[in-house]
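Reading through the structure tokens given below for one structure.
Here is the naming used below: chain letters follow the sequence lines, and residue numbers restart at 1 for every chain. The basis for the numbers below is simple: all heavy atoms, side chains too, and nothing from hydrogens, waters or symmetry mates.
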Amino acid sequence: MFREAVIEALTRALGADAAACGDLGALLAPPPKVEMGDLAFPCFALAKSRRAAPPKIAADLAAAIQDAGLAAGGAIAEVKALGPYVNFFADPVAELQGLCRAVADGSFFAATRTAAPQRVMIEFSQPNTHKVFHVGHLRNVAVGDALVRIFRARGHDVVAANYYGDFGIDVAKCLYQLGTGQQGSPPAEGRTAWLGEAYVAANAPLAVAKKKIEEAAAAEDDEAKQAAIAAHTAIFAPIRAVLTALETGDPETMALYRETRQWCLDEFARIYAWLGVQFDHDFFESEVEEEGARLVDEYLAKGVFVESRGAIIADLEADGLPVALVRKSDGSSLYLTWDLALARRKFDEFGIETSIYVVGAEQTLHFQQLFAALAKMGYARAKDCRHIAYELVMLPSGKMSSRNGTAIPLHELRTRVTDAIRAKMEAEARPERAAWSETQWQATIERVAIACLKYGMLKVGTTRRVIFDIEDWTNPEGDTGAYLLYSLARIAGIQRKAEQTVALDADVPAGSGFGNDAERALVGHLQRYGAEVARAEETCDPSGLAAFLFDGAKHFSRFYQECPVLQAEPALRKARLMLAAATQAVFTRALDLLGIEPVEAM
RNA sequence: GCGGGCGUAGCUCAAUGGAUAGAGCACCUGACUACGGAUCAGGAGGUUAGAGGUUCGAGUCCUCUCGCCCGUACCA
């Protein structure tokens, strides 16, 4: 309403110049501070055609709009020039009324829908079985799940897909180590972490041997290099034998594989359930492995792939990319091989239009090669693939590594975070919690803990590293998930104590005095929700929504501090209760897009 | 070497090419007989790595230089 009124007033005042400005709506933006108004129009572009300085143009426009009268609809309360800008003030009561009505009838949230919905597959998480699931993997899940929710809010038909790394040489390493008997027997709890340890143990001597080969090669010592290669081969041979046993379906190996794989899948399912993350489809490397091998044969025959140094490659020089290996010289396939087969299946079997991969930035080249290879194979859909790269999770002490034990396994993380939250909550008694059962305590603690973890992972832009500091994320007074939930708990507190509830589709009373800066800032902020959702989808980065929530929570806190709700005069009290309810609705929905559930009290 | 990412307050991060570059943490000073102090208000803290360029306007775009990180065929 207000926005439309501003555009209309500007169009009239600009006259012939309106066309020269282009899309007026795109030029309008909120000023840096509420005191300056609700929407501002910059006059720089008019300087040439009007042959005047922008501040003069702004003053002229403001006067013209003032003279024409602001009465139309009453949405614009005031217009004034401020430097090179024409600033418009919305009528606060009309704004609040419009916001509440839109939230009540659903149009506020329906407005986030795009005009061009697509069928989109978002692949994320991709955990490896037989390895530990740690904090670093949490960022992928948080980002991927948020993108699924954001794309759905935009009206897209989304298939959330997981792709389990349950096959290949790393699995063989783990199984080999178990076969040596050195790993002992599995513990009752933490069996997947135990498998991860087995993998690390098997990998260690290989890594050492590999390093020796590189050192000899760097020193150009041919004799030493041959010896190092021989040593590596000796260590690797029995592991390769396990992989062969897997590929050929040796019964004993398969039995061990199936059992240990299932432990991991069960563990992943528990993690996703805890995080509230759901997938529509599960892919497994083990199911595309054979298909990948056939695909290599097929395109080798067609001449798309060629032999090189005993291996099979895709020559991507035309795309300015290094050669991509699709089959090793020992005949086994690779990650890229499987991804080629998988990409084909995604398009052919799921009818999707856009294929999104949420994978770490260190694999950027892999995806460039994957998409280029698909194009070379004649897959026009290659252009509909997109890699969302996100940076690493670091610890305050530096890079985390599962080898030296600094990567915190998720089951351990969970207890550490919930313990920290519980301690914080128990430090101060609250009447709301007096009658809580242990189940209620636990459920609330888990929600706060997950809010802290997900918000911590999402508030930083995907191109930047995240530093995971358990103290900072759980026990601060500041920019955390707990602060967001605290705002909602306060709103719930007000509502508990208000005798009657106020409907969002009620009339906002006139003449209540509603409309101070704190109130106007909060209303104005909530109106930005739709634009933030759209931007999060365009950039495939949920961090803007996280910032929207944090800024919103700060606006609410200021409102809460300055504007008593329950003790205000009846008319003002009603308006403020409505604002609180609208804030609650918008925050709850925005949190949902980040995969975070609110609490009534904490 | 080549390709990509990053460089903003002591630290961690924001800023569709627009107004005086903003938050949180840490530090300092204040605040309510009040709906939740996990709060709020204020202070201090900046040559946006450096140098050119484009633009009415650059932290943002272009060129070069410096620094850190990642990748660069038989790992995933």
Side-chain angles (χ1 to χ4, degrees), chain A residues 26-27 29 31-33 36 40 42-45 47-48 53-54 82-85 87 126 128 131 165 168-170 173 203 206-207 210 285 308-314 320-330 332 334-336 338-339 359-366 368-369 389 391-392 394 396 399 424-425 427-428 430-432 448 459-461 463-467 469 472 475-480 482-483 485-487 489-498 531 535 538-539 543-544 546-547 550-551 554 557-558 560-568 576-577 580 601-602:
Chain A
L27 287 170
K33 291 180 176 159
M36 301 165 81
C43 299
F44 306 104
K48 267 183 188 160
L82 226 67
Y85 293 87
N87 289 12
Q126 306 107 340
N128 289 316
K131 286 185 188 176
I169 194 66
D170 284 352
K173 284 174 188 171
N203 197 50
L206 278 173
K210 219 165 188 175
E285 281 181 0
S308 169
R309 300 186 210 168
I312 312 294
I313 60 152
L321 293 170
V323 295
L325 202 65
V326 295
R327 179 179 290 164
K328 295 196 266 186
S329 51
D330 70 359
S332 60
L334 303 102
Y335 183 39
L336 180 62
W338 308 330
D339 247 345
V359 182
E362 69 278 8
Q363 293 187 37
T364 300
L365 177 59
H366 166 82
Q368 288 176 337
Q369 290 181 320
E391 273 293 341
L392 292 175
M394 309 280 288
K399 198 169 174 173
K424 179 73 183 167
M425 280 176 64
E428 195 191 352
R430 288 291 313 168
E432 288 85 357
V448 177
K459 73 170 181 173
V460 175
T463 59
R464 301 185 74 116
R465 291 180 167 190
V466 160
I467 297 180
D469 185 333
D472 267 10
N475 190 27
E477 304 181 340
D479 186 7
T480 65
Y483 177 71
L485 296 198
Y486 182 67
S487 315
R490 282 174 139 187
I491 294 176
I494 293 175
Q495 291 171 339
R496 268 194 302 272
K497 283 171 181 141
R535 206 160 79 87
E538 278 161 30
T539 56
S543 64
F550 178 63
D551 291 341
K554 284 208 309 179
S557 287
R558 187 181 162 203
Y560 185 89
Q561 195 81 14
E562 293 183 13
C563 311
V565 177
L566 299 180
Q567 293 175 7
R576 286 178 173 170
L577 274 172
M602 60 189 276

Atom [atom1], compared across [N] and [M]: separation rounded to whole Å:
| N | M | atom1 | answer |
| --- | --- | --- | --- |
| B:rU48 | B:rU8 | C1' | 4 Å |
| B:rA21 | B:rU60 | C1' | 11 Å |
| B:rA44 | B:rG3 | P | 46 Å |
| B:rA9 | B:rA51 | P | 16 Å |
| B:rC27 | B:rG45 | C1' | 10 Å |
| B:rC40 | B:rA23 | P | 12 Å |
| B:rG7 | B:rG59 | P | 14 Å |
| B:rA26 | B:rC69 | P | 30 Å |

Suppose we screen for salt bridge (charged side-chain N to carboxylate O under 4.0 Å, His left out). Which residues come up paired with [X], at least two apart in sequence or across chains?
| X | value |
| --- | --- |
| A:Glu562 | A:Arg558 |
| A:Asp339 | none |
| A:Lys210 | none |
| A:Asp330 | A:Arg240 |

Rounded at 0.5 Å granularity, tell me how far [atom1] in [X] sits from [atom2] in [Y].
| X | Y | atom1 | atom2 | answer |
| --- | --- | --- | --- | --- |
| A:Lys173 | A:Asn203 | NZ | CG | 4.0 Å |
| A:Leu325 | A:Ile313 | CG | CD1 | 8.0 Å |
| A:Arg490 | A:Met602 | CZ | CE | 11.0 Å |
| A:Asn87 | A:Lys33 | CG | NZ | 13.0 Å |
| A:Thr364 | A:Gln369 | OG1 | CD | 11.0 Å |

Take nucleotides 69-74 of chain B nucleotide by nucleotide from the 5' end and write B, S or -, depending on whether a protein heavy atom sits under 4.0 Å from the base, only from the sugar-phosphate, or from neither. SSSSBB
For every nucleotide of nucleotides 55-63 of chain B, 5' to 3': is a protein heavy atom under 4.0 Å from its base (B), only from its sugar-phosphate (S), or from neither (-)? -B-------
Looking at [options], which one has an atom nearest to any side-chain atom of [X]?
| X | options | value |
| --- | --- | --- |
| A:Thr463 | B:rU39, B:rA38, B:rG5 | B:rG5 |
| A:Ala40 | B:rC40, B:rA14, B:rA19 | B:rA19 |
| A:Arg535 | B:rU16, B:rC6, B:rA23 | B:rU16 |
| A:Ser557 | B:rG24, B:rA19, B:rU39 | B:rU39 |
| A:Lys497 | B:rC35, B:rC13, B:rG5 | B:rC35 |
| A:Pro564 | B:rA14, B:rA76, B:rC35 | B:rC35 |

Grab the stems for RNA chain B, please: at least three consecutive Watson-Crick or wobble pairs, both distances below 3.5 Å, written as range with range.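 Runs of three or more consecutive pairs: B:1-7 with B:66-72, B:10-13 with B:22-25, B:27-31 with B:39-43, B:49-53 with B:61-65.
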Using a 4.0 Å heavy-atom cut-off, does [X] contact any base of the nucleic acid, only the sugar-phosphate backbone, or nothing at all?
| X | value |
| --- | --- |
| A:Glu285 | sugar-phosphate |
| A:Pro84 | nothing |
| A:Cys563 | base |
| A:Ala489 | base |
| A:Asn87 | base |
| A:Ala601 | base |
| A:Pro32 | base |
| A:Gly544 | nothing |

Grab the [atom1]-[atom2] distance between [X] and [N] for me, whole Å please.
| X | N | atom1 | atom2 | result |
| --- | --- | --- | --- | --- |
| A:Asp469 | B:rA26 | CG | P | 12 Å |
| A:Glu562 | B:rA41 | CD | P | 7 Å |
| A:Asp472 | B:rA26 | CG | P | 9 Å |
| A:Met602 | B:rA38 | CE | C1' | 6 Å |
| A:Leu321 | B:rG3 | CG | C1' | 9 Å |
| A:Ile467 | B:rC11 | CD1 | C1' | 9 Å |
| A:Tyr486 | B:rG24 | OH | P | 16 Å |
| A:Tyr560 | B:rA38 | OH | C1' | 12 Å |

Mind checking ring-ring contact (aromatic ring centres under 6.0 Å, His included) for A:Phe550 and listing every partner two or more places apart, or none if nothing turns up?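 Checked A:Phe550 against ring-ring contact (aromatic ring centres under 6.0 Å, His included); matches are A:Tyr483.
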Report the residue (A:Lys173 or A:Val565) whose heavy-atom-nearest nucleotide on RNA chain B is the more 5′ of the two.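 So the residue in question is A:Val565.
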Along RNA chain B (nearest heavy atom to each residue), the more 5'-positioned of A:Leu27 and A:Asp479: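 Comparing both residues, the 5'-ward one is A:Leu27.
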Pairing residues for A:Arg430 by the side chain to side chain donor-acceptor pair (under 3.5 Å) criterion, not counting sequence neighbours: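 For A:Arg430 the side chain to side chain donor-acceptor pair (under 3.5 Å) partners, ignoring immediate neighbours, are A:Glu432.
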Test side chain to side chain donor-acceptor pair (under 3.5 Å) applied to A:Gln368 - qualifying residues, sequence neighbours left out: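 Scan of A:Gln368 (side chain to side chain donor-acceptor pair (under 3.5 Å), adjacent residues dropped) gives none.
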Among all residues two or more places apart in sequence or in another chain, which pass the side-chain contact (heavy atoms from CB on, under 4.5 Å) test with A:Lys131?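 Applying side-chain contact (heavy atoms from CB on, under 4.5 Å) to A:Lys131 gives A:Asn128, A:Asp170, A:Tyr199.
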Listed by chain and number, what are the side-chain contact (heavy atoms from CB on, under 4.5 Å) partners of A:Ser543, not counting sequence neighbours?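 Expected list: A:Asp541.
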Counting only side-chain nitrogens and oxygens, does [X] get under 4.0 Å of the OP1 or OP2 atom of [N]?
| X | N | answer |
| --- | --- | --- |
| A:Arg558 | B:rC40 | no |
| A:Gln567 | B:rC35 | yes |
| A:Lys554 | B:rU39 | no |
| A:Tyr483 | B:rC40 | yes |

When you compare the side chains of A:Tyr335 and A:Gln363, does any donor N or O come within less than 3.5 Å of an acceptor on the partner?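 Side-chain D/A pair, A:Tyr335 to A:Gln363: present.
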